[in-house]
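Computed from a predicted structure; not experimentally measured. The chain is numbered in sequence order, starting from 1.
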Amino acid sequence: MKLDRRRLRALRVFFDPGRLRALTRRSEVGLSLAGAVVGIASGLAVTGMSLVSKELHQLVFGIADEQRLSSSLIEDKLLLLTAPVMGGVLLGLLLYILAKRRKKPMVDPIEANALHGGRLSLTDSIIVAAQNLISNGFGASVGLEAGYTQLAAGLASKFGLKLQLRRSDLRTLVGCGAAGAIAAAFNAPLTGAFYAFELIIGTYTIVSLTPVVVSALVSTLVARLLAEGDFTIDIGSFGSVVPADYVPALLLGVFCAGVGILLMQGVAFIEELARKSSIAPPFRPALGGIIVGLLAMISPQVLSAGHGALHLNLAREVAIPALIGLFLLKSLASAISIGSGFRGGLFFASLFMGALLGKLFAYCGPYFADTTLTPVIYAVVGMSSLAVAVIGGPLTMTFLALEITGDFPITALVLAAVITSSLVVRSTFGYSFATWRFHLRGESIRSAHDVGWIRNLTVDKLMRADVKTAKAGIALEEFKRAFPIGSTQRVILVEENDKYAGLVLVPEIYANPTDVQDESQTLADFVRYRNDFLQPQMNARQAAAIFDKTESEALAVVNNLIERKVVGQLSESHTLRRYSEELDRRRREVSGEI
């Protein structure tokens, strides 16, 4: 009995929130332990969502337990048509309820780490995961990876906020959640880790390496334990690679880059078409479900993410017309699904479509001398190249190929192709699928690199509120009596209604001797910057640009452009000093110094 009490007391001491917080904030070991906890949560979340999705597929489409939806033979054409529509109706009802109760847009892990210091709403993440399950479970042509990463990152962010982690550590923990999600989803810990580094954290550091890799490994082990390798991609047997094979692989990378750009623009075109239509958002998924259902009646392989269809097409010989037709159907179904409002991503869809493109390209292999590439290798190169064009992350897709094949020569071939694809997309288009959608919303971010601190470093936080003011109509002599030389450097003039009227430099007024000063001079002759001022919501970079443009050392801060009431004053030197301090702090975080 005493031993049990001692153990209980020891557990309470170990799991004490204060001790956990101190351990996590003070050491890399503590952050790594937090990454392990996040990895467990990520593995459970991925396994749970996958099981729910499979149950929905069995319930809605009546498929067997061991079957995948996209590889099943479903004879009931009416079911193929109505199931996505039912999912669209259910999702539309959920969207209608959310529109009434939640006004703020939902934030995904990339945006959270780029702009909000890793802060994610767990409630919103659960809602996104539920929407993704409804979309995927009723056959919409989207994958579950978006839901996996959203839920896992939301759990990680909530855990980090409970531990009161610093901004950089919280961003790392959100990356741990995403790493665990992708690692568990593909049974590929290296893929998950580099997905976090390239797409969620936005950079690789020594400090973030251990917790992210620990999370990915632990999550993979949890998923294997619970699902027994249910998430693996089996490509079967493949041939060898020779130097001559790099030429067609590079050409395939360029081709996949072009297709990826067209696919992203296609989704954006459908979304824009839906916005410009008179159709209310809650009704759009149902209409999109009708089109997806019609496409599924032609080929059920367009349904859901496409895991079964990928294995089906990798394992057998498929005629060129069938490959082209399936690719067109899948790309249209995916674009319609996302553009009409179904929740999900293009991660696995891009892998599936890339594999189809690779097999198509394989038929051009005889035109290249001395090549030895088999259709399976072309499929691996194609799936990696198209995925990096759409999703981003060259090393992520390279390690996915390595963990799928276990073959280093093929991995080197894939690396060359994905670098080519990534270079073409960045040079000609400049966005991945996620950042392209941010661009369409008016956001300027192109990665998860932390730029939120710049936006948080606002004029409102930098300015001084205790400023010297005077009425614009005051006489010059009266002004001198109120503000003798040495009392202050600057005085802000305001009109009778307290509206900003300009700024006066006190030393300028006393610069000329009184005996030579023109008696006709008034205070208005010394007023500067009548239409140059700052606003509280401006960030430090914007303020520095205005200082440089006006060549001023300090400016007044007004509440808005209409009332123009003075709320403070900000100097250029203080702005640049604080900006430099924050910039140096981020540099030291990246380098692992803090």
Side-chain angles (χ1 to χ4, degrees), residues 80-99 103 105-106 108 110-111 128 131-132 134-136 138-143 146 257-299 302-306 324-350 352-353 386 389-391 425 428-446:
L80 290 173
L81 175 63
T82 56
V85 179
M86 290 188 297
V89 171
L90 187 59
L91 185 61
L93 181 61
L94 182 58
L95 291 174
Y96 176 78
I97 296 172
L98 291 174
K103 302 299 181 183
M106 296 184 185
D108 78 347
I110 295 177
E111 188 178 1
V128 170
Q131 290 175 328
N132 197 182
I134 293 171
S135 302
N136 180 276
F138 282 84
S141 192
V142 294
V259 172
I261 293 171
L262 289 176
L263 181 61
M264 290 185 281
Q265 289 182 326
V267 173
F269 173 75
I270 294 171
E271 286 182 328
E272 183 65 20
L273 199 65
R275 278 194 297 267
K276 290 182 178 179
S277 70
S278 57
I279 304 170
F283 296 103
R284 294 173 190 169
L287 293 176
I290 294 175
I291 301 176
V292 173
L294 292 172
L295 296 175
M297 291 175 68
I298 301 174
S299 174
V302 304
L303 293 174
S304 190
I324 295 174
L326 182 55
F327 174 81
L328 293 176
L329 288 173
K330 182 62 178 179
S331 58
L332 182 59
S334 297
I336 291 291
S337 296
I338 296 176
S340 62
F342 283 104
R343 179 70 74 166
L346 289 174
F347 196 120
F348 201 91
S350 63
F352 175 35
M353 289 186 284
L386 186 60
V390 176
I391 307 301
V425 172
T428 59
F429 190 61
Y431 299 93
S432 66
F433 180 61
T435 55
W436 171 239
R437 303 185 81 182
F438 292 148
H439 168 72
L440 295 177
R441 281 169 34 196
E443 289 288 355
S444 59
I445 59 175
R446 297 206 175 192

Got a second to check how far Leu328's CG is from Leu332's CG, nearest 0.5 Å? 8.5 Å
Taking all non-hydrogen atoms of both residues into account, name the closest pair between Val425 and Ala389 and its distance. CG2-CB, 3.7 Å
Value rounded to 0.5 Å, distance of CE in Met86 from CD1 in Ile134: 12.5 Å
Mind running side-chain contact (heavy atoms from CB on, under 4.5 Å) on Leu287 and Ser340 for me, showing each step along the way? CA-CA 8 Å; Leu287 293 176; Ser340 62; over 6 Å; no
With sequence neighbours left out, what residues match Ile298 under side chain to side chain contact (heavy atoms under 4.5 Å, CB included)? Leu329
Interatomic spacing from CG in Leu346 to CD1 in Ile391 - rounded to 0.5 Å: 6.0 Å
dist Leu262:CG -> Phe429:CZ (nearest 0.5 Å) comes out at 9.5 Å
Should Glu271 and Ile338 count as side-chain neighbours, where that means a heavy-atom distance under 4.5 Å? yes
Is there side-chain contact between Leu80 and Leu303, with at least one heavy-atom pair below 4.5 Å? yes
For Gly260 and Val390, work out which heavy atoms get closest and say how close. CA-CG2, 3.9 Å
Any side-chain heavy atom of Leu90 within less than 4.5 Å of one from Leu94? no
What residues form a side chain to side chain contact (heavy atoms under 4.5 Å, CB included) with Ala140, not counting sequence neighbours? Ser135, Val142, Ser337, Phe342
To the nearest 0.5 angstrom, please state how far the CD1 atom of Ile291 sits from the CG atom of Leu81. 11.5 Å
Please tell me if the side chains of Val259 and Met353 come closer than 4.5 Å, counting only heavy atoms from C-beta onward. no
Those residues that, when tested against Phe283, pass side chain to side chain contact (heavy atoms under 4.5 Å, CB included) (two or more places apart): Ile279, Ala280
If you define the side chain from C-beta out and look only at heavy atoms, does anything of Leu326 sit under 4.5 Å from Phe352? yes
Steps toward side-chain contact (heavy atoms from CB on, under 4.5 Å) verdict (Val267, Phe433): CA-CA 9 Å; Val267 173; Phe433 180 61; 3.8 Å; yes
Please name the pair of heavy atoms, one in Val302 and one in Lys330, separated by the smallest distance, quoted to 0.1 Å. O-NZ, 3.4 Å
Just to verify, what does Ser350 make a side-chain hydrogen bond (donor to acceptor under 3.5 Å, both in side chains) with, not counting sequence neighbours? none
Please check this pair: side chain of Ser334 against backbone of Ser331, looking for a donor-acceptor N/O pair closer than 3.5 Å. no
Return the set of residues passing side-chain hydrogen bond (donor to acceptor under 3.5 Å, both in side chains) with Glu272 (not counting sequence neighbours), or none when no residue passes. Arg275
Between Leu91 and Gly341, which heavy-atom pair has the shortest distance, and what is it? CD2-O, 3.5 Å
Taking side-chain hydrogen bond (donor to acceptor under 3.5 Å, both in side chains) as the test, write out the residues that go with Arg284, two or more places apart. none
Look at the side chain of Asn136 and the backbone N and O of Ser304, then say whether any donor-acceptor pair between them is shorter than 3.5 Å. no
